[in-house]
Amino acid sequence: MFTLKRTHTCGALRAADAGATVNLNGWVEARRDHGGVLFIDLRDRYGKTQVVFKPGQTSGPLMEQAMLLRAEWVVAIRGSVRARPAEAVKKGVETGEIEVEALQLEILNESKVPPFEVTEHVDVSDEIRLKYRYLDMRRKPMQRNMMTRHRIIAAFRESMDQQGFLDLDTPILIKNTPGGARNFLVPSRLHEGQFFALAESPQIFKQLFQVAGMDRYFQVCKCFRDEDLRADRQPEFTQFDLEMSFVDEGDVQAAVEHAVSNVFKKVLGVELKRPFPKMTYAEAMDKYGSDKPDIRFGMHLVDVSELAKASAFRVFSEAISTGGVVKGICVAGGGTMSRKEIDDLTTYVKGNGAKGLVWLKAEAGSLGGSSAKNFKPEELAALREKMGAKDGDMLFFVADERGRCKVALGGLRTHLGAKLKLIKEGTWEPFWVVEFPMFEEGPEGKPQAKHHVFTSPKPEDLQFLETEPLKVRARAYDLVLNGVELGGGSIRIHRKDVQGRVLAVIGLQESDIREKFGFMLDAFDFGAPPHGGIALGVDRFVMLLLGLDTIRDVIPYPKTQKGQCLMQNAPSGIIPRQLDELHIALKLPPLEKKT
RNA sequence: GGGGGCGUAGCUCAAUUGGCUAGAGCAUCGGAUUGUCGAUCCGAAGGUUGCGGGUUCGACCCCCGUCGCCCUCGCCA
């Protein structure tokens, strides 16, 4: 029986409702039995309301029924709203001024004792949370995360609609095109021996929308990548995806800024300054050692290679003579660091590929520390000057091959920013990283696309395409916020000849190009407009706005680091008949390989 | 595939150098309790120390293997 359908949610009632007779539906979160009076906290996603059963006012049978209630039972209650006695008002709770005096109770469902207490007050391991995700999501933090996720997506959609974008979907089952992220494969029953891939992004389809004249497409879409997981990477994740025609970089960026700003305004009440600033890739790497720097604190990387070249300190001079660089950072007030802390930092940079960490303390108008003896006094003075150090500061240097030096020192900068709490929390400084290189050096020195093969080179760099590909800059842009890459996009190639040249640079044979991208190039034969777009990671976006450090907490049903669903126990084997239908034979590695 | 951390009661954790009956808080169950709200008080029950092997007089602790969760490198255009 379910007759007492709710008239109010568990978060709705206020002092002004006193006297009303209402129905509430929800879960029993807590039960406080005082021998006479019995309190029940009733919970739904809107809040909690205290229900009270009082001897004298509550009938005997109803009291008996109420005594049965346990945590997580689902009930419907009819009762009258009462203002609480002044001394019993619960401050800081929206429904704290009232309670509902029960008149009637329907037990809609009982519950086993849950594996963990369904309250935000207890810590539960990820493993247990994922196994019982439906219980985890009953708790306030996950409810908040899911509601925020919804509001972010809604605000994004609202902006897209306002700007005239069409919400169109694209296939999940698509052609397998090796290269880039590994695809999940789906065998085709109707075509024996053939496979679909799950879309790793709608990239090609959204570009073909532009050829189709569907100017201004967007989608909130699932993408699938069969790669190893991280705190911010799941095998299936969600993107804000958009593409527009007859545009340049500025048009795409403006559209995204409108949407991102709307999200911040609607969800956080924060007005972002537009347009977002831009930083070139070269500057990001030079000053921060990262293509997604956290610019909420300074501590820039300083190149001291000129000083290092002639240095008596061989670690420095040899790094330069072998073609490397020496860079440093200045930690304001870091002079008080202990030897142990410095050792930990050394371990940290070594983990990022550096050979070691040189440290010098700014003190007594010069530089000290165990490495200081390797330098002449005037060298120390010059270093101090170049690094802008004051007494009490700590200087760290990494001498290494250019790329490794930036990565190691950039990593150290980020690490120190968090460790020393240099980051201004609650500040939002989104910006664009632009002028990415078109290619990067792949294995065996072969150029490979840094963004993707449909990214347009800058026209003025086209002349180097075949001769010095690594020098070519792309019309690509990444949106970076608080050290997180929120997404990236580009102006695409819309001319078949240029597309062919780019594919050739990365070493694709004519036949490969036909097989993989033939339909795309064919489409370009029929009048492709100039176009461009971007994709943003929804999960990362939500994580960032909520100040969390894993996207698992903003995805309703995420996978573990081994890519499994602990609730369903997926993936799992299939029965022989299913394999037969697909004409698939398993070839498993031997179970045990013991010698 | 590599490196690291963790795995003890339903949950979160403790257990000295390898040593006595493996403990605590919460949850659960029973009792008490008429204004609590993460109620309180009294009591009870609850353990294959992830699993398998080894070393030892003796293993939660040491060794080998294995499974799981997490972080990370590779990888993720």
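For the numbers below, each heavy atom of this structure counts, side chains included, while hydrogens, waters and symmetry mates do not. Chain naming here is simple, since letters A, B, ... match the order of the sequence lines and numbering starts at 1 in each.
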*Protein proximity profile, nucleotides 25-35 of chain B - base contact B, sugar-phosphate-only contact S, no contact -, cut-off 4.0 Å on heavy atoms*: -BSSSS--BBB
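Contacts of A:Lys140 classified as side-chain hydrogen bond (donor to acceptor under 3.5 Å, both in side chains), with partners at least two apart in sequence or in another chain: none. For A:Lys559, the side-chain hydrogen bond (donor to acceptor under 3.5 Å, both in side chains) criterion is met by A:Glu236, not counting sequence neighbours. Residues meeting the ring-ring contact (aromatic ring centres under 6.0 Å, His included) test with A:Phe53, sequence neighbours left out: none. Under the rule for a salt bridge (charged side-chain N to carboxylate O under 4.0 Å, His left out), A:Arg402 has no partner lying at least two apart in sequence or in another chain. Residues passing the side-chain hydrogen bond (donor to acceptor under 3.5 Å, both in side chains) test with A:Glu440, sequence neighbours excluded: A:Lys450. In terms of the side-chain contact (heavy atoms from CB on, under 4.5 Å) criterion, residue partners of A:Val186 (sequence neighbours excluded) are, by chain and number, A:Leu173, A:Phe196, A:Leu198. In this structure A:Lys90 satisfies the side-chain hydrogen bond (donor to acceptor under 3.5 Å, both in side chains) test with no other residue, sequence neighbours excluded.
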Please tabulate, for the side chains in residues 32-39 of chain A, all donor-acceptor contacts under 3.5 angstrom to protein atoms that are two or more places apart in sequence or on a different chain.
{"unit_1": "A:Arg32", "atom_1": "NH1", "unit_2": "A:Asp41", "atom_2": "OD2", "d": "2.9"}
{"unit_1": "A:Arg32", "atom_1": "NH2", "unit_2": "A:Asp41", "atom_2": "OD1", "d": "3.0"}
{"unit_1": "A:Arg32", "atom_1": "NH2", "unit_2": "A:Asp41", "atom_2": "OD2", "d": "3.4"}
{"unit_1": "A:Arg32", "atom_1": "NH2", "unit_2": "A:Gln50", "atom_2": "OE1", "d": "3.0"}
{"unit_1": "A:Asp33", "atom_1": "OD1", "unit_2": "A:Gly35", "atom_2": "N", "d": "2.8"}

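Within a heavy-atom distance below 4.0 Å of RNA chain B, the residues of residues 217-228 of chain A found are A:Arg225, A:Glu227, A:Asp228. Of all the residues in residues 123-138 of chain A, A:Asp123, A:Val124, A:Ser125, A:Asp126, A:Glu127, A:Ile128 reach under 4.0 Å from RNA chain B with at least one non-hydrogen atom.
Under the side-chain hydrogen bond (donor to acceptor under 3.5 Å, both in side chains) criterion, the residue pairs touching residues 66-84 of chain A are A:Asn23-A:Arg78, A:Arg43-A:Glu72, A:Glu72-A:Arg138, A:Ser80-A:Arg82, A:Arg82-A:Glu101, with sequence neighbours excluded.
Cation-pi check for A:Lys206 over A:Tyr217 is not met; the charged atom does not lie both under 6.0 angstrom from the ring centroid and within 45 degrees of its normal.
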